[in-house]
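See below for the structure under consideration.
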Amino acid sequence: MKSNMSSILDGLNPEQLAAVTLPHQSALILAGAGSGKTRVLTTRIAWLLQTGQVSPSGILAVTFTNKAAKEMLVRLTAMLPLDPRGIWIGTFHGLSNRLLRTHHREAGLPRLFQILDSADQLSAIKRLLKSMNADTEKFEPKKVQNFINSNKDTGLRSDKIEAYDPYTRRLADFYSAYDEQCNREGAVDFAELLLRSDEMLARNSVLREHYQERFRHLLVDEFQDTNRLQYRWLKHFAGASSALMAVGDDDQSIYAFRGAHTGNMNDFQRDYAHDNLIKLEQNYRSHGNILDAANALISLNQTRLGKNLWTAAGPGELIRVYIAYNDQEEARFIVEEAQALHREGTALNEIAVLYRSNAQSRVLEHALFGAGIPYRVYGGLRFFERQEVKHALAYLRLLANPDDDSAFTRIVNFPARGIGARTLEQLIDAAQGAQSSLWRTACNSDAKPGGTKGLAGFVALMRAMQEAIIGLALPEAIAHILQTSGLMAHYQAEKDGQDRMDNLHELVNAAATFIRDPDALAEEDDDEGMMANFLAHAALEAGMHQAGAGHDALQLMTVHSAKGLEFQTVFLTGLEEGLFPSEQSLAEHDGIEEERRLMYVAITRARQRLYVTQAQNRMLHGQTRYGIASRFLSEIPAVLLKPVNAAYPAHADTPLQTVARSQHSNSPWRMGMNVRHAKFGTGVVINLEGQGNDMRIQINFGGAHGIKWLALEYAKLEAV
DNA sequence: CATGTCTCCATTTTT
DNA sequence: TGGAGACATG
């Protein structure tokens, strides 16, 4: 035991050790990039268990992604010969699902509630807007979805929204109607999973105290990415005897646009950690020059908790800067360098090409394809998001829950069985009149002659299906559904249907794998419960991005999706003003700081070698744009940079560069700066014009005041 | 109902 | 430039 115990602590540095063996207290762990964050988190859990301070059921560990949760579990079981079944390790959404399945009655949900993924939610909203005769020009479904989700993410129900203008009031009406529709159909979207759990625990003190007593240790990963609702959610589980450990890095907060609230870190310090702050600053990933560049850059951000990475490794190579004439030449350079590295023995999957926006991948892919270099692009459709898989799942959903109108509309005429738009519209009207679901209405419409023939056929088909799968295990049931629904036959007849058929077969396999997985073991183990659990799994874990992974291939991805990964060599591309930092970020509150954090994340992905590239001309939106070098390039100390072509440093500035320089140095006002105006409040500088007393500044004050040009001579402005 | 044509638009993404 | 979605036509 003793030797075992010391072995899990072996090799930890003093700060890591302090975090892992912290007494029963709450603490904030500020964990820099590459500082062994996941290791600390998992070793902490192992340490608590091994020393008998807590039993597995006393631990709640929350992550953002399934990948992170899985990795934690894998590393934990590698450290401890322990059945981790009692531990609650999972994503916010996964754990909420678990909670709501167990306490569906207390939460006011049907036992077999369905989970809507973003695409399901969007079509539910479209359906709703149509039934409310909303003007979808004025109220775009995407915008409505965004409105609903961002309010849920802040913990606001429709009745709590402060709507002072008719537009917002209408949005709040849609929100409220949407929630009603979801309740009627037994559907729950992603944000709702959290909000429901939050409300249930807020209202039900018996339940809350039960969990507070149970969980003695709460651990949260990537805390800087939590939104307001998630923090509120977490607090319900924290009782008087719970210790919370939040691990995060404010410098790597790059998800403000989807609700992440870095202020949670400060709140957490105030609410729980007090002055218990442990900084993990030793970096085990990158060489010194790379870290110096990252440190210098991020130090320009005003709002940080403060942290400086260091490494015991040597300085390593300088950062290579390449200024290309245009985007194609940038791609050509990367191809040549990657080929050379590969020849010298670097595995292709140790080389990553990062970009700010997905559109940049096209030119790169073209060049790589032409050179015959295998590559893999991250992003895109995932397994459970493919249309054929969603169709198949819709049959399951309708069988599990006949009130699921989304599933009904998706499959009632797919494969085509002669039920046209007219029939469907009549059915929808009838259902609305009867305050009933489409399925129930369709069942009753048998009596009416004419026009319902196709519908009657569909009802009969589903009923026969329901009969046939009784007693079948999930994979067999799915296989049966694929045949009798006509889905298989449909794709067989299609000329490019082979891939889709393969995916449908894969779905059967996925079900077979699932029923062997501990995830599937819920309180209820009847067939219906199993099916509901599988559907939840499909929604919560959309699966791998695409096939063709695993093989040795160059990695192409956005900077956002590179977070958490590392590579021997990184090409950081498109370092141009307007692209990185992105144009629109300039108008956002704290936009530049977030872009800088993004740049920080990008730099710290590289272990040995980092290339930064810029294209002086780039095809964007069908037009050639002349881009000046990103300010981030000049924010890296020149001594760390090594130009690899003659164009750098530019001795003769282009006019645009001169303008940029004057904006950078002569005046105290800079792009992206936060300022306060006596009347308009705080805003961010998005443009500058002129010199000295003639200077005008364009500022985005957000909200009611919006974007304004102000003459510096008259406007009283102060920096914030 | 499938397919062609037009128009509009354009960060970042997990659950 | 090119993809997605709306609309029209055989």
Side-chain angles (χ1 to χ4, degrees), chain A residues 62-69 90-97 115-122 126 136-137 140-142 146 149-150 152-153 188-195 197 221-222 225-227 229-230 233 252-260 327-328 354-363 365-366 378-382 384-385 413-422 494-495 536-543 545 557-564 574 576 578-588 591 594-595 597-599 601-602 618-625:
Chain A
V62 200
T63 63
F64 269 85
T65 62
N66 292 299
K67 198 176 151 204
T91 62
F92 281 102
H93 296 86
L95 295 172
S96 295
N97 176 50
I115 298 174
L116 305 181
D117 69 16
S118 316
D120 297 333
Q121 184 189 34
L122 187 62
K126 283 180 180 162
T136 47
E137 301 267 278
E140 295 160 62
K142 276 253 169 57
N146 206 19
N149 287 339
S150 53
K152 286 191 179 185
D153 283 344
V188 167
D189 61 52
F190 285 137
E192 183 74 19
L193 284 169
L194 279 127
L195 190 49
S197 330
D221 193 15
E222 305 277 17
D225 288 340
T226 50
N227 62 36
L229 176 59
Q230 283 159 339
W233 182 95
Q252 290 189 73
S253 162
I254 55 173
Y255 285 115
F257 71 92
R258 64 173 201 214
D327 44 357
Q328 300 189 19
L354 308 185
Y355 35 80
R356 178 63 180 77
S357 76
N358 285 305
Q360 289 167 253
S361 77
R362 186 169 299 119
V363 181
E365 285 186 69
H366 184 80
Y378 282 69
L381 267 198
R382 304 164 54 166
F384 285 110
E385 291 168 354
N413 196 37
F414 194 93
R417 42 179 78 90
I419 300 170
R422 219 172 351 127
E494 212 170 62
K495 37 190 183 306
H537 166 83
L540 291 174
E541 195 165 354
H545 267 297
M557 66 191 84
T558 62
V559 180
H560 280 93
S561 29
K563 193 176 153 203
E576 297 128 47
L579 195 60
F580 196 1
S582 85
E583 196 137 42
Q584 32 270 317
S585 73
L586 301 180
E588 284 161 15
E594 175 129 331
E595 293 287 304
R597 289 192 290 269
L598 201 50
M599 180 76 182
V601 167
R618 182 180 296 277
M619 190 64 113
L620 210 62
H621 307 328
Q623 278 175 335
T624 303
R625 274 182 50 149

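Given the structure is predicted, the values throughout are model-derived calculations rather than measurements. Sequence lines set the chain letters: A, B, ... in the order given, protein chains first and strands last, and positions in each chain run from 1.
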In the structure I gave you, are the side-chain heavy atoms of [X] and [Y] within less than 4.5 Å of one another anywhere?
X        : Y        : value
A:Val559 : A:Tyr355 : no
A:Glu541 : A:Phe384 : no
A:Glu594 : A:Glu588 : no

Nearest to the side chain of [X], which nucleotide is it out of [options]?
X        : options                : value
A:Glu588 : C:dG2, B:dT11, B:dT15  : B:dT11
A:Phe257 : B:dT13, B:dT15, B:dA10 : B:dT13
A:Leu540 : C:dG2, B:dA10, B:dT15  : B:dT15

Answer yes or no: side-chain N or O of A:Ser118 and base N or O of B:dT15 forming a donor-acceptor pair under 3.5 Å.
->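 When only heavy-atom distances are counted, A:Ser118 does reach the base of B:dT15 through a donor-acceptor pair under 3.5 Å.
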Looking at [X], does any N or O in its side chain come under 4.0 Å of the phosphate oxygens OP1/OP2 on [N]?
X        : N      : value
A:Asn413 : B:dC1  : yes
A:Thr558 : B:dT13 : yes
A:Asn358 : B:dT13 : yes
A:Arg258 : B:dT15 : no
A:Ser561 : B:dT13 : yes
A:Asn66  : B:dT15 : yes

Just label B:dT12 as syn or anti from its O4'-C1'-N9-C4 or O4'-C1'-N1-C2 angle, using within 90° of 0 for syn.
->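 Because its glycosidic torsion lies more than 90° from 0, B:dT12 adopts the anti conformation.
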Within the structure shown, what part of the strands sits under 4.0 Å from A:Tyr255 by heavy-atom distance: base, sugar-phosphate, or nothing?
->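 Here A:Tyr255 touches the backbone only, sparing every base.
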Looking for any heavy atom pair under 4.0 Å, which part of the strands does A:Glu192 touch: base, sugar-phosphate only, or nothing?
->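 Since no nucleic acid heavy atom lies under 4.0 Å of A:Glu192, the category is nothing.
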Could you check A:Gln584 against A:Ala421 and say which one's nearest nucleotide on DNA chain B is further toward the 5' end?
->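 This one resolves to A:Ala421.
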First encountered from the 5' end of DNA chain B, between A:Arg356 and A:Glu385 |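 Closer to the 5' end of DNA chain B: A:Arg356.
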Euclidean distance, atom [atom1] of residue [X] to atom [atom2] of [N] [Å, nearest integer]:
X        : N      : atom1 : atom2 : result
A:Phe414 : B:dA2  : CZ    : P     : 9 Å
A:Glu594 : B:dT13 : CD    : P     : 13 Å
A:Leu229 : B:dT15 : CG    : P     : 17 Å
A:Asp153 : B:dT14 : CG    : P     : 15 Å
A:Gln252 : B:dT12 : CD    : C1'   : 16 Å
A:Asp221 : B:dT14 : CG    : C1'   : 14 Å
A:Lys126 : C:dA6  : NZ    : P     : 6 Å
A:Glu137 : C:dC7  : CD    : C1'   : 13 Å

What is the distance from atom CZ of A:Arg625 to atom CG of A:Asp327, rounded to the nearest 0.5 Å?
->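 Nearest 0.5 Å value for the CZ-CG distance: 12.0 Å.
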Aro-ring/base stack A:Phe64-B:dT15, d under 5.5 Å, angle under 30° =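 Per 5.5 Å and 30° rule: no stacking.
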Between A:Lys563 and A:Glu222, is the closest basic N to carboxylate O distance under 4.0 Å?
->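 Counted as a salt bridge, because a side-chain N and a carboxylate O are separated by less than 4.0 Å.
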Can you establish whether the number of heavy atoms outside A:Glu385 located under 6.0 Å from its atom CD is more than 12?
->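 Enclosed: over 12 neighbouring heavy atoms sit under 6.0 Å from CD of A:Glu385.
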How far does the C1' atom of C:dG3 sit from the matching atom of B:dT14, given to the nearest Å?
->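 Result for the C1' pair: 23 Å, nearest Å.
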Between B:dT11 and C:dA6 - C1' atom distance, rounded Å |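 The same atom, C1', in both gives a distance of 25 Å.
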